[in-house]
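Since the model is a prediction, treat every value here as computed from it, not as a measurement. Letters A, B, ... are given to chains in the order of the sequence lines, protein chains preceding strands, and every chain is numbered from 1.
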There are 2 protein chains.
Amino acid sequence: MTNHTPKSGAQLLDRAVLLLDLVAGGSREGMTLKALCEQAELNKATCHRILNSLAEHGMLDKDPDGRRYRLGTKLLVLGAKAANGPGLRSLCQPALTRLCQESGETTMLMARDRDDSVCIDRHDGSFLLQTLTGSIGGYVPLGVGPGSLSMLAFMAADEREEVLERNWPRIAAYPALTRDKLRRLIDETISQGYALDRGELVPGVAGIAVPIRVAETGPVASLGFTILSARLSSEMIERYVQALRDEVASIEPHLNPLDRRLTSPERILGQS
Amino acid sequence: MTNHTPKSGAQLLDRAVLLLDLVAGGSREGMTLKALCEQAELNKATCHRILNSLAEHGMLDKDPDGRRYRLGTKLLVLGAKAANGPGLRSLCQPALTRLCQESGETTMLMARDRDDSVCIDRHDGSFLLQTLTGSIGGYVPLGVGPGSLSMLAFMAADEREEVLERNWPRIAAYPALTRDKLRRLIDETISQGYALDRGELVPGVAGIAVPIRVAETGPVASLGFTILSARLSSEMIERYVQALRDEVASIEPHLNPLDRRLTSPERILGQS
DNA sequence: CCTTTTGTTTCATATTATGGAATTTATATA
DNA sequence: TATATAAATTCCATAATATGAAACAAAAGG
């Protein structure tokens with residue numbers, strides 16, 4: 001996810017979030033004060049004070065021996081609340097369950113978050129497949145992978161270009177995706193109405209996805225399947241796309257701002 | 001979870017975390033600036049600045065119309081990382097899967113976090129049962145419910161009393177638990193070696209749990225089943241306790257500080 | 001045991017966050 | 001549609017807060 005470091009009239013907060021990101025992205029065994037100081041380019045004392053305040057609040061945990069910091073339990077609690085709250089996950093859960101049960105495939109709900117696509121929920125099918133985004137909470141730049149691509153493709157053209165401009169560097173990290181290739185994929189997605197990956201990003205693992213759109217805002221999420229590419233057939237694609245479209249059609253009215261008072265008070269998650 | 005408001009040399013952070021907690025605990029439709037100002041007893045402008053900085057960083061999301069704040073996608077991402085990282089969840093995942101598959105029961109992994117017990121992972125069995133802690137991320141004060149109780153009971157006596165002292169007010173919120181009752185439950189748990197709830201906290205829903213302990217620190221987690229109390233039998237209890245103990249026995253060596261270099265570099269999650 | 005490295009505490013300083021007031025924007029009412 | 005009310009946002013002089021250099025303490029390494 002993009003590491004904004006905005007001067008937002010709250011320097012201390014900017015620094016705290018930066019440190020959380022560094023801990024999140026750092027060594028799996030936890031980060032030492034020294035490493036964090038260096039990476040964040042902060043003074044030892046300052047860094048120490050922030051880290052310990054975060055630990056105090058449960059946002060970070062310190063080892064028993066107190067020499068390494070890692071993400072804390074409060075983040076787990078807040079994260080679970082963020083996912084379950086009102087919004088996409090709750091709204092789409094029945095659809096996700098149905099799709100997974102009827103198809104037996106791994107089914108994914110992705111949401112847009114600024115320039116990224118985050119996995120909000122996932123139901124595993126009969127096969128355990130490696131997906132691009134991994135489990136819940138995993139993310140990819142908008143454009144990478146079918147769930148993500150289906151959102152990018154259906155954004156307003158100007159916004160799409162802005163996102164692409166910002167995302168190119170990160171997209172370049174995927175050897176399977178050149179600029180031309182992605183352009184072609186976007187065009188295909190628009191004309192077909194769904195995004196398809198035949199197994200090029202994660203070898204052997206294919207995916208289909210359909211965007212969930214809100215009138216003014218554009219796509220806010222996507223619903224899709226992850227499938228062993230060996231099993232992929234055009235008949236299957238057709239059938240699955242139809243199933244996804246049906247579910248999306250029954251979800252979208254709940255997200256349309258005009259209908260808000262008429263439908264449930266659900267709101268969408270993942271908007272800036 | 002206890003709302004520490006420690007003057008930790010980082011006022012701004014204290015305030016930011018307080019606001020996150022208020023948003024997390026507040027109305028499911030999101031919190032307005034006004035409401036948050038009042039509850040946090042902060043100046044409107046100050047509050048506004050902090051909330052927007054948090055939103056800027058993705059820790060909060062603002063509605064499309066920008067009048068309500070709710071938990072942001074970044075919390076979901078960080079929360080997932082906190083859960084998956086090295087530590088209890090990964091370490092216990094195989095055990096959890098085995099226990100659930102072999103018994104068909106809802107299986108829970110709880111971790112200690114200060115004075116609380118947090119649900120770190122959960123595998124649903126054949127029945128969908130309402131549990132005390134709900135899903136992942138849910139928490140209860142130490143002492144409430146078998147998973148939580150099994151940890152409290154096996155803490156060092158002095159520490160246990162300190163925790164109890166702090167927790168009484170919150171425990172009082174559970175009508176099924178009087179002081180005497182909890183004292184009795186703790187004694188029972190110690191003598192039996194496992195915690196049992198026959199369905200008194202959530203009517204009709206029983207639970208068994210066994211603590212996961214680390215040599216110096218004491219219990220850091222617990223593994224347990226949630227069962228329809230109607231189906232509970234003493235034979236079943238015996239069998240399930242044995243299954244839990246077997247798994248715990250194979251987990252504990254990985255957590256023992258002495259063995260750390262010998263075993264995997266897994267560390268525990270949820271220590272203060 | 002001594003040396004080096006890493007973590008913690010202190011405190012005078014100035015940078016940063018603060019909050020009262022003014023302005024803009026949205027919502028409710030006539 | 002106009003008007004009143006309330007909420008959100010921006011501004012800026014002020015003071016309180018976070019800062020970081022340095023001194024200190026505690027581990028790790030030799």
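You'll find that the side chain of B:Ala10 is closest to D:dA18, out of D:dA18, C:dG20, D:dA8. The side chain of B:His48 lies closest to D:dA8 when the candidates are C:dG19, D:dA18, D:dA8. Candidate nucleotides C:dT18, D:dT19, C:dG7 were compared by shortest atom distance to the side chain of B:Thr46, and C:dT18 ranks first.
Defined by atom type and a distance below 3.5 Å, a donor-acceptor pair is missing between the side-chain atoms of A:Asp115 and A:Tyr139. Between the side chains of A:His57 and B:Asp14, at least one donor-acceptor pair of N or O atoms lies under 3.5 Å.
Note on the helix from C:dC1-D:dG30 to C:dA30-D:dT1: angle between the axes of the first and last five pairs equals 60°, rounded to 10 degrees.
With contacts defined as side-chain heavy-atom distances shorter than 4.5 Å, the pair B:Leu142/B:Met151 qualifies. Between B:Asn52 and B:Glu56, the closest side-chain pair of non-hydrogen atoms is not below 4.5 Å. In this structure the side chain of B:Leu223 reaches within 4.5 angstrom of the side chain of B:Ile251, judged on heavy atoms. In this structure, B:Lys74 and B:Leu60 have side chains that are not in contact, with every pair of non-hydrogen atoms separated by 4.5 Å or more.
In this entry the distance linking CG of B:Leu19 with C1' of C:dT18 reads 15 Å, nearest Å. In this entry the distance linking CD1 of A:Ile50 with P of C:dT16 reads 12 Å, nearest Å. One can place CG of B:Leu13 at 11 Å from P of C:dA17, the figure rounded to the nearest angstrom. One can place CG of A:Asp63 at 16 Å from P of C:dT6, the figure rounded to the nearest angstrom. To the nearest angstrom, P of C:dT8 lies 13 Å from CZ of A:Arg68. Going from atom CG of B:Leu12 over to atom C1' of D:dA16 covers 13 Å, rounded to whole Å. For the pair B:Asn43 CG and D:dT14 P, the computed distance is 17 Å after rounding to whole Å. In this entry the distance linking CG of A:Asp14 with C1' of D:dT19 reads 15 Å, nearest Å.
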Discussion item. For a quick check, with a 4.0 angstrom heavy-atom cut-off, what is the B/S/- contact string for nucleotides 23-30 of chain D, read 5' to 3'?
Written reply: ----SS--

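Taking A:Ala195 as the reference, A:Pro146, A:Leu149, A:Ser150, A:Thr189 meet the side-chain contact (heavy atoms from CB on, under 4.5 Å) condition, with sequence neighbours excluded. For A:Gln39, the side-chain contact (heavy atoms from CB on, under 4.5 Å) test picks out A:Leu22, A:Met31, A:Ala35, with sequence neighbours left out. Among residues two or more places apart in sequence or in another chain, the side-chain contact (heavy atoms from CB on, under 4.5 Å) test is passed with A:Cys37 by A:Leu33, A:Lys44, A:Cys47.
Residues from residues 33-42 of chain B placing a heavy atom under 4.0 Å of any atom in DNA chain C do not occur.
For D:dT17, the OP1/OP2 oxygens have no side-chain nitrogen or oxygen of B:Arg15 closer than 4.0 Å. For the OP1/OP2 pair of C:dA17 and a distance below 4.0 Å, the side-chain nitrogens and oxygens of B:Arg49 include no atom meeting the criterion. Phosphate contact (OP1/OP2 of C:dT16, side-chain N/O of B:Gln11, threshold under 4.0 Å): absent.
A salt bridge links A:Arg112 with A:Glu159: at least one charged nitrogen is closer than 4.0 Å to a carboxylate oxygen.
Of all heavy-atom pairs between B:Val220 and B:Leu88, the closest is O-CD1, 4.0 Å.
A:Arg160 places a side-chain N or O within donor-acceptor distance of the main-chain N or O of A:Ala153, the cut-off being under 3.5 Å.
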